[in-house]
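A quick note: this is a predicted structure, and the numbers were derived from the prediction, not measured. Sequence positions, counted from 1, serve as the residue numbers for this chain.
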Amino acid sequence: MRMDRKRSWGIAVMALATAAALGMTSLSAERSHADPAPETPVETVSPEEARQVLRDYFAAHYSEGGCSAIYADLTHDGAEELLVLEFENDRAGEPIQLHSSALDPDRFTEGRVTVLRAMPDETVTTLYEYTCGSSHAGWGELYLQKRDGLSYLLLYTPYTSAGRSAFEIALFSLGDGGEMQDAARESVTFPVEEGTVQEGDADEAEIDAFLHTAQALLRDAKPLLVYDAVYDPVTETDGPRQFAYLDELFTTY
């Protein structure tokens with residue numbers, strides 16, 4: 001916004017503007033003959049190097065008997081990350097051994113998925129971590145999903161408590177700093193049983209539309225860690241308990 005100036009300053013202002021313009025012209029002329037500033041090279045890690053760094057890190061920090069692990073490029077930069085699944089028995093405070101036989105849902109108390117990324121300096125950073133527990137507050141579902149040839153994480157949380165349901169599903173990749181970059185995200189809230197209707201609650205049609213979207217996103221998804229009992233808004237009861245987990249070592253998604 002221009003401001004009015006006193007007439008007595010008019011000549012001085014014009015002189016200053018002219019001098020500034022001449023100075024900028026001279027500076028631009030000088031810069032036109034200067035070499036362009038060199039671009040700072042972006043450090044990258046090759047897919048082969050990334051795998052080796054991640055494999056070495058896994059060997060130093062995890063036990064193959066107690067973990068599942070799978071490679072997937074969740075940052076979409078051409079180099080894969082390593083997703084590690086491990087279980088703990090809270091009652092004993094010890095890791096649960098996998099692979100020898102299917103894990104009994106009654107033994108499951110907590111599981112964790114960690115996404116590890118190899119850095120150019122051969123260090124490893126944690127991009128994302130997901131924890132799921134057998135207690136109601138810890139229920140949830142985490143999957144791998146493909147879309148247009150790219151790998152994504154798919155998080156589904158059909159949570160119901162104290163007369164309220166809050167269902168959310170998100171399909172996302174990961175940024176360089178671990179930020180979630182959504183490809184799709186939907187959510188609904190609604191009362192159940194004797195719950196009170198609140199502003200913004202979904203009606204039956206909106207709930208059905210959400211469930212349809214969730215089913216479409218979950219189709220052909222690969223379970224990483226799933227534990228919940230999905231609430232059925234039609235019968236207003238919990239459905240059967242769901243339990244699934246990744247049981248692989250160093251395969252590629």
Side-chain angles (χ1 to χ4, degrees), residues 58 62-72 74 81-116 128-146 151-162 164-172 185-188 192-193 207 210-253:
F58 181 94
Y62 297 94
S63 165
E64 288 192 6
C67 297
S68 292
I70 188 170
Y71 293 108
L74 296 174
E81 286 71 50
L82 183 66
L83 291 76
V84 180
L85 169 65
E86 51 191 332
F87 288 103
E88 291 182 1
N89 186 328
D90 289 341
R91 299 182 187 90
E94 298 178 352
I96 296 176
Q97 295 297 299
L98 301 177
H99 313 305
S100 57
S101 60
L103 177 62
D104 185 345
D106 292 331
R107 290 193 61 208
F108 168 73
T109 55
E110 186 175 277
R112 180 170 56 254
V113 176
T114 305
V115 179
L116 302 171
Y128 177 81
E129 188 171 276
Y130 168 77
T131 301
C132 177
S134 59
S135 65
H136 191 182
W139 287 359
E141 308 179 22
L142 185 67
Y143 301 84
L144 278 170
Q145 181 64 282
K146 286 279 191 183
S151 298
Y152 294 86
L153 288 171
L154 179 62
L155 179 61
Y156 184 38
T157 53
Y159 184 71
T160 298
S161 178
R164 300 284 302 168
S165 283
F167 285 17
E168 183 172 31
I169 191 164
L171 182 72
F172 60 95
R185 184 178 292 269
E186 298 285 344
S187 62
V188 290
V192 296
E193 299 174 345
I207 295 171
F210 171 86
L211 293 176
H212 178 77
T213 298
Q215 290 169 1
L217 287 172
L218 289 165
R219 191 174 298 121
D220 301 324
K222 185 181 189 68
L224 290 174
L225 179 55
V226 175
Y227 190 100
D228 71 23
V230 176
Y231 180 80
D232 186 342
V234 177
T235 63
E236 296 188 348
T237 60
D238 282 341
R241 178 175 55 175
Q242 296 188 99
F243 181 59
Y245 61 93
L246 175 72
D247 187 10
E248 299 180 16
L249 271 174
F250 307 114
T251 57
T252 300
Y253 181 75

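Considering only heavy atoms from C-beta on, Cys132 stays 4.5 Å or farther from Leu142 through its side chain. Between Arg112 and Leu85, every side-chain heavy-atom pair lies at or beyond the 4.5 Å cut-off.
Not a single donor-acceptor pair under 3.5 Å links the side chain of Trp139 to the backbone N or O of Tyr159. Checking side-chain atoms of Thr157 against main-chain N and O of Gly140 turns up no donor-acceptor pair under 3.5 Å.
Separating the CD atom in Glu141 from the CG atom in Leu154 is a distance of 8.5 Å, to the nearest 0.5 Å. Note that the CG atom of Leu103 and the OG atom of Ser68 stand 10.0 Å from one another [nearest 0.5 Å].
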Q) Are Tyr152 and Lys146 close enough, and set up right, to give a side chain to side chain contact (heavy atoms under 4.5 Å, CB included), and what steps lead you there? A) CA-CA 6 Å; Tyr152 294 86; Lys146 286 279 191 183; over 6 Å; no
Q: Let me see the working for Leu155 and Tyr143 under side chain to side chain contact (heavy atoms under 4.5 Å, CB included), right down to the final yes or no.
A: CA-CA 6 Å; Leu155 179 61; Tyr143 301 84; over 6 Å; no
(Q) The test is side chain to side chain contact (heavy atoms under 4.5 Å, CB included); show your working for Ile70 and Val84 and say whether it passes. (A) CA-CA 7 Å; Ile70 188 170; Val84 180; over 6 Å; no
Q. Are Phe210 and Ile169 close enough, and set up right, to give a side chain to side chain contact (heavy atoms under 4.5 Å, CB included), and what steps lead you there?
A. CA-CA 9 Å; Phe210 171 86; Ile169 191 164; 3.9 Å; yes
Enumerate, atom names and distances included, each donor-acceptor pair closer than 3.5 Å involving a side-chain atom of residues 217-227, sequence neighbours excluded.
residue: Lys222; atom: NZ; partner: Glu248; partner atom: OE2; Å: 2.6
residue: Tyr227; atom: OH; partner: Arg241; partner atom: NH1; Å: 3.2

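Between Leu144 and Tyr253, the shortest heavy-atom distance links the atoms O-OH, 3.4 Å. Pairing each heavy atom of Cys67 with each of Leu249, the nearest pair is O-CD2, 3.6 Å. Of all heavy-atom pairs between Glu168 and Tyr156, the closest is O-CD1, 3.3 Å. Between Leu74 and Glu81, the shortest heavy-atom contact is N-OE1, 2.7 Å. Closest of all the heavy-atom pairs between Ser165 and Val192 is OG-CG1, 3.3 Å. Across Phe250 and Glu64, no two heavy atoms sit closer than the pair CE1-OE2, 3.6 Å.
Applying the salt bridge (charged side-chain N to carboxylate O under 4.0 Å, His left out) test to Glu129 and every residue at least two apart in sequence or in another chain returns nothing. Take Tyr130 and apply the side chain to side chain donor-acceptor pair (under 3.5 Å) test, not counting sequence neighbours, and it matches no residue.
Relative orientation of the Tyr245 and Phe243 rings is tilted, given thresholds of 30° and 60° on the angle between their planes.
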